[in-house]
Structure formats: structure tokens, C-alpha cells
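The residues of the chain are indexed from 1 along the displayed sequence.
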Amino acid sequence: MSGSDPNPLNRRGLLTAAGALAAAGAAASVVGPPTAAAAAETGAATGESTTFGPVTVRQGDTRYESLLRGNNFRFVGRPDEIRVVGSTDQVVRAVADAVRSGRRVAVRSGGHCFENFTADPAVRMLLDMSPMDAVGYDAARGAFAVQPGATLGHVYRTLFKGWGVTIPAGGCPEVGAGGHFAGGGYGPLSRRYGSVVDHLYGVEVVVAGQDGTARAVVATREPDDPHRDLFWAHTGGGGGNFGVVTRYWLRSSGARGSDPSRLLPAAPREQLAYLVTWPWDEKMTQQAFTRLLHNFGTWHERNSAPGSPYAGLYAILIPMHRRAGGFLMTVQIDADIPGARNMVSEFAKAVTEGTGLAGQETWLSMPWLHPTTWPGTGEPGNVGTRRYKIKAGYLRRSFTDAQLATIHRNLTNSSGTPGGGMLLVGYGGQVGAVPADATAVAQRDVIMKAVYQTIWSDERDDATNLAWVRNFYRDVYADSGGVPVPGVVSDGSYINYPDTDLADPEWNTSGVPWHTLYYKGNYPRLQQVKARWDPRDVFRHALSIRPSA
């Protein structure tokens with residue numbers, strides 16, 4: 001159920017230049033270097049060999065407390081057992097055990113779910129998929145196989161070292177592939193190559209039938225695949241909804257032949273990165289601030305169509321609360337795109353036009369793999385205390401003037417914290433080349449993602465931080481019931497940034513249900529898939545797909 005964490009902030013709410021650029025950059029026979037699990041990378045698991053697990057950890061075990069937490073330390077469950085699994089067969093047995101005993105089961109791969117989906121008190125069995133992290137080429141299927149416990153950094157390194165290819169996934173290397181892929185993951189290369197699910201060929205999923213029998217099913221995008229609906233549901237339907245994904249296969253649509261190096265996008269040779277920071281000082285007036293955000297939005301309105309010459313440029317504007325002292329913008333682009341540096345310079349000029357602001361600039365050029373996987377992990381806070389609340393919305397155009405004024409007011413109020421702020425993330429480009437119903441990702445004509453967040457370390461500050469970010473979000477969408485209702489400007493939200501407030505009538509007064517905000521017109525079809533493949537609703541959480549009648 002892991003999402004993609006775009007957050008490059010450290011616990012002080014500011015970035016080092018290296019950390020910022022890392023966050024912005026971070027996304028026949030076996031050919032290339034063999035992987036340890038190469039022999040296991042074909043088909044459903046039947047007699048699959050493994051060197052790990054299963055391991056069952058219960059309360060009282062010295063390992064129990066260490067294995068409870070995901071990335072957000074606000075949520076800590078107390079399951080009867082944590083089943084650490086190493087193969088598809090082990091997952092089948094674990095799901096069968098859970099169904100037979102009537103225990104609620106949840107799945108964790110990288111642990112980056114923003115809400116408590118895996119730490120709900122009702123969960124009695126937690127499946128830890130982290131040992132299932134193999135990445136390799138499956139010649140039998142003509143596609144790259146990725147297990148759900150593989151982190152994005154591991155996926156990038158393996159694909160690049162072995163075949164010189166990559167995928168347009170997230171920029172934080174510690175996010176697990178499991179939930180990120182299923183939720184329609186995106187990242188620094190998505191404007192150029194689309195969503196990661198646009199390169200998904202197949203999935204292996206452990207499902208539970210009406211009689212409670214657990215089994216592994218392989219579903220692909222092939223038109224004649226009888227399980228194709230299950231495949232489609234995993235192209236943006238979100239994690240923890242239909243079963244347990246035990247393997248993904250990746251091959252770009254339209255890719256042909258048996259040469260693995262031609263089956264996914266070629267990885268850039270070198271990345272050109274640009275960072276600019278601005279202080280919150282007397283020059284950062286409301287007019288300058290709102291003009292800056294407006295310019296960022298209107299540039300994306302004009303340069304985010306599929307095939308745009310600027311589709312290779314990926315930018316994140318990160319306005320922090322005034323108490324943080326300043327904020328920044330990061331930009332990255334493939335250095336080999338003709339005129340790459342001029343493109344970035346023109347973009348930076350367009351964003352600051354009419355603001356009177358002159359920030360401190362840093363340019364860096366590095367081999368692509370370096371900023372993609374190091375330094376930094378993209379973890380919010382520090383390694384000891386990670387508490388945060390994330391809210392999000394899609395944008396089809398720039399915020400209105402009233403919304404920009406609201407953003408300024410909330411980022412300069414007295415109730416904000418140094419860890420509070422927002423991110424405006426460039427999107428669009430090739431993402432928009434895919435019809436809204438071709439995958440479960442319905443928001444295909446958007447140009448940006450807005451992320452509202454607050455990060456803190458002390459449990460005693462929970463209420464203050466939650467109130468601030470919730471009020472901030474509600475204020476921005478005051479004209480549409482406190483949430484980003486699809487319309488001219490907004491287009492709902494992103495399921496990999498789950499926010500249970502959208503299902504809470506206290507915070508969503510729009511009359512538009514949470515599932516419309518996340519899935520729009522694709523929700524009825526997702527319900528049908530749910531009813532077929534998880535008729536007992538074994539796999540559920542606060543924002544899970546509800547089966548159709």
C-alpha cells in the first residue's frame with residue numbers, strides 16, 4: 001500500500017542543496033547481469049524456491065516492535081502476527097490462514113502509506129513483503145519482473161546497470177514498488193514518458209475467492225487475457241484493494257523484439273539540475289509570492305501538452321511557511337536534450353517574471369544514477385521521529401487569484417510551523433496522451449499536483465499540526481466544499497497520497513464522495529473488478545474500493 005513520497009524536507013523544514021536535488025531527481029535467456037532470483041521470475045508461483053521465510057513474529061518477540069511501524073510514526077498497529085514472506089507460495093498460505101481464521105489482513109511493501117491502512121487496529125495479520133525484492137528480466141514474458149518489496153532505488157539501479165533502461169516512477173528511492181506501481185506512480189520522468197502504469201505489462205496477484213480459497217493469478221494487458229480486468233485495476237486502482245501483488249512485469253506499450261534494452265525507456269546519461277532558494281524577507285510580499293505561484297502554474301498550462309518540447313523539464317516549487325525562513329524550487333532535465341540549459345533558464349525567468357525576486361541559484365550536472373538514488377531517501381523528518389500529514393489535489397490549470405491569496409495567508413499565519421508548507425509538482429506531458437479510461441488513472445489532462453503537508457517530531461504537537469494543515473486545505477478549496485472537486489481548476493486527488501479526511505463529512509462538505517475525487521468515472525468499473533476478485537472484501541482499508549452489488 002506504499003505510495004510515492006515527493007517530500008524532500010528535513011525536520012527543520014528546509015533543504016540542503018544536495019537533498020533538494022536528490023528529491024527532485026529521484027525516478028530467450030536472462031540478458032545482462034543475473035539476479036539472485038532470476039529463476040523465479042517466470043509465471044505464477046508453483047514450487048517456487050526461496051532462501052527466506054516465512055517468518056512469523058508475534059507479540060513478545062524481540063523483533064515485534066521494530067517491525068510494527070511504517071514510514072509515518074503517527075500510526076502503530078498491534079496485529080496478532082507479522083508474517084514476513086519471501087515467495088508467492090508463502091503469500092498464498094498466509095492469505096489462506098487469514099481467511100480461514102477470520103482475521104483482517106493488510107499488506108506492506110515499502111511502508112510509505114500516508115494513512116493507517118497497514119496499522120489499523122482491526123488488522124490482525126500484517127504481511128511484510130520487503131524480502132520479495134528481486135528485479136530482473138523475464139525472457140519467457142519478454143518483460144522486466146519486479147517484486148513488490150523492491151525499493152524504487154533498487155529498481156533504478158538494477159535496470160540501469162543491467163540494461164541502461166528505466167521507468168518514470170517516483171523520485172524517492174526508499175519507496176516500495178508494491179503500492180507505488182498499483183496507485184499509478186509518477187516521478188521526474190513522467191512528463192516525458194507518462195505514468196509508470198503506462199509501462200505495466202502484467203501483474204501476479206494472490207486473491208481470495210468466494211469460498212475463501214487463496215490462489216495466485218497472472219493478469220496481463222493482452223486483449224484476450226481473461227484476467228485483463230484484474231490487470232486494469234492495478235493500473236492506478238491503488239494498493240490493498242483486490243489482493244496481494246507478488247510480481248509486476250514492465251514493458252512499454254508498443255515495444256517489440258527480444259532485446260531488453262529496447263523494452264523500456266532509455267535512462268538519461270546525465271542529469272542537469274537547477275535549484276533556486278528565496279528567503280521570506282521584505283521582498284517576499286504577497287504580490288511577489290502570488291505572482292511567483294501564478295507564473296509557475298501558467299507556464300505549466302502552456303507547456304504540458306503531450307509532445308511539448310518542454311515535456312522533459314520537471315519542476316517542483318516548494319513554498320514553506322514563513323517560520324521556515326525561506327523556500328525553494330528545483331528543476332531537472334536530461335542534459336542531452338538539445339538546448340536543455342536554455343530551457344531551464346527560460347523556465348526560471350518565466351517563473352520569476354514580474355516578482356522582483358532574485359534567488360540564490362545552484363546548477364549541478366551529474367551522471368543520472370547518482371542523484372536518482374543518492375544522497376537522501378526522501379523520508380519526512382528524521383530517522384527517529386517521523387510524524388506527518390499529507391493532503392493533495394490535482395490541478396488542470398493554475399490556482400485562481402482567490403486561492404493564491406489564501407495560500408499566502410495560510411503560509412504566513414501565526415499557527416503554522418517550520419515543517420508546514422506545500423509542493424507544486426509539474427505533471428502532464430506524456431501523461432495526457434493516454435485516455436482517462438485506458439488505465440485506472442482517470443486524471444489525464446492535469447498539469448500539476450498540489451501537496452499540502454506538515455511534518456513534526458513530537459507526539460504532543462499532533463493536534464496543532466493536524467489542525468493547521470486541515471484548515472489550510474479547506475481554505476484553498478472553500479468554494480467547493482473544502483475539497484478539490486473536479487472542475488475547471490481542480491480534478492480530484494491522487495490515491496497514492498491517501499487522505500481519509502476526504503471521506504469525512506466534517507472536512508468534505510461538497511457532497512462529492514471520496515471515490516469520485518480519487519477515481520472519477522472509473523470507480524464503477526473498479527467496483528466490478530472488486531466484486532469479481534475479492535467478493536468477501538478480504539482486502540480493505542479506510543479508502544478501499546467497495547464491491548459493487
Side-chain angles (χ1 to χ4, degrees), residues 1-7 23 26-27 35 37 52-53 66-73 75 77 82-88 90-91 105-119 123 126-136 144-159 166-187 195-197 200 203-206 234 236-250 372-373 376-380 383 386 388 390 494-498 539 541:
M1 298 182 192
S2 301
S4 172
D5 178 7
N7 176 29
T35 65
F52 185 93
S66 292
L67 296 179
L68 281 180
R69 291 167 177 79
N71 183 261
N72 194 344
F73 287 7
F75 306 116
I82 302 169
R83 192 80 65 94
V84 189
V85 291
S87 72
T88 302
Q90 293 175 24
V91 175
V105 62
V107 187
R108 183 177 70 202
S109 53
H112 282 69
C113 181
F114 293 163
E115 293 287 7
N116 72 333
F117 295 173
T118 64
V123 171
L126 175 61
L127 292 185
D128 185 332
M129 309 290 287
S130 57
M132 297 181 65
D133 62 353
V135 180
F144 291 93
V146 176
Q147 290 186 311
T151 63
L152 298 184
H154 177 48
V155 174
Y156 296 145
R157 283 188 294 269
T158 304
L159 293 179
T166 192
I167 51 175
C172 296
E174 291 305 307
V175 168
H180 180 71
F181 287 7
Y186 79 103
S195 167
V196 68
V197 297
L200 188 64
V203 288
E204 177 184 74
V205 190
V206 174
H234 285 85
N241 278 311
F242 311 99
V244 184
V245 177
T246 50
R247 185 172 288 109
Y248 292 98
W249 284 277
L250 297 160
T372 302
T373 58
T377 63
E379 310 285 8
V383 296
R386 292 197 291 266
Y388 57 88
I390 307 290
Y494 173 46
I495 193 59
N496 271 357
Y497 299 159
F539 305 99
H541 51 74

What are the two closest heavy atoms between Ser109 and Pro148, and how far apart are they?
CB-O, 3.3 Å

Are [X] and [Y] side-chain neighbours, meaning at least one heavy-atom pair lies under 4.5 Å?
X	Y	answer
Pro131	Val84	yes
Pro498	Cys113	yes
Thr166	Tyr156	yes
Met132	Thr88	yes
Met129	Val244	yes
Thr151	Asp133	no
Leu159	Phe144	yes
Arg83	Asp128	no

Is a donor from one side chain sitting under 3.5 angstrom from an acceptor on the other, for Thr246 and Glu204?
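Yes, Glu204 and Thr246 have a side-chain donor paired with an acceptor closer than 3.5 Å.
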
Tyr186 and Asn496: side chain donor to acceptor below 3.5 Å:
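Per modelled atom types, Tyr186 and Asn496 side chains form no pair under 3.5 Å.
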
Can you say whether the rings of Phe114 and Tyr497 are parallel (under 30°), tilted (30 to 60°) or perpendicular (over 60°)?
parallel

Show your working on side-chain contact (heavy atoms from CB on, under 4.5 Å) between Phe539 and Asn241 and close with a plain yes or no.
CA-CA 5 Å; Phe539 305 99; Asn241 278 311; over 6 Å; no

Check: Phe181 ring centroid to His234 ring centroid under 6.0 Å:
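No, too far apart.
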
With side-chain contact (heavy atoms from CB on, under 4.5 Å) as the test, would you mind laying out the steps for Thr118 and Val123 before giving the verdict?
CA-CA 7 Å; Thr118 64; Val123 171; over 6 Å; no

Donor-acceptor check, side chain of [X] to backbone of [Y], threshold 3.5 angstrom: yes or no?
X	Y	result
Gln90	Gly53	yes
His180	Gly178	no
His541	Gly239	yes
Arg108	Phe117	no
Arg386	Asn71	yes
Asn72	Tyr388	yes
Ser195	Gly185	yes
Gln147	Arg247	no

Quick check on side chain to side chain contact (heavy atoms under 4.5 Å, CB included): which of Val155, Leu152, Leu200, Val146 does Ile167 satisfy it with?
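Exactly one pass, corresponding to Val155.
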
OG (Ser66) and CD1 (Ile82) are apart, to the nearest 0.5 Å, by 9.0 Å

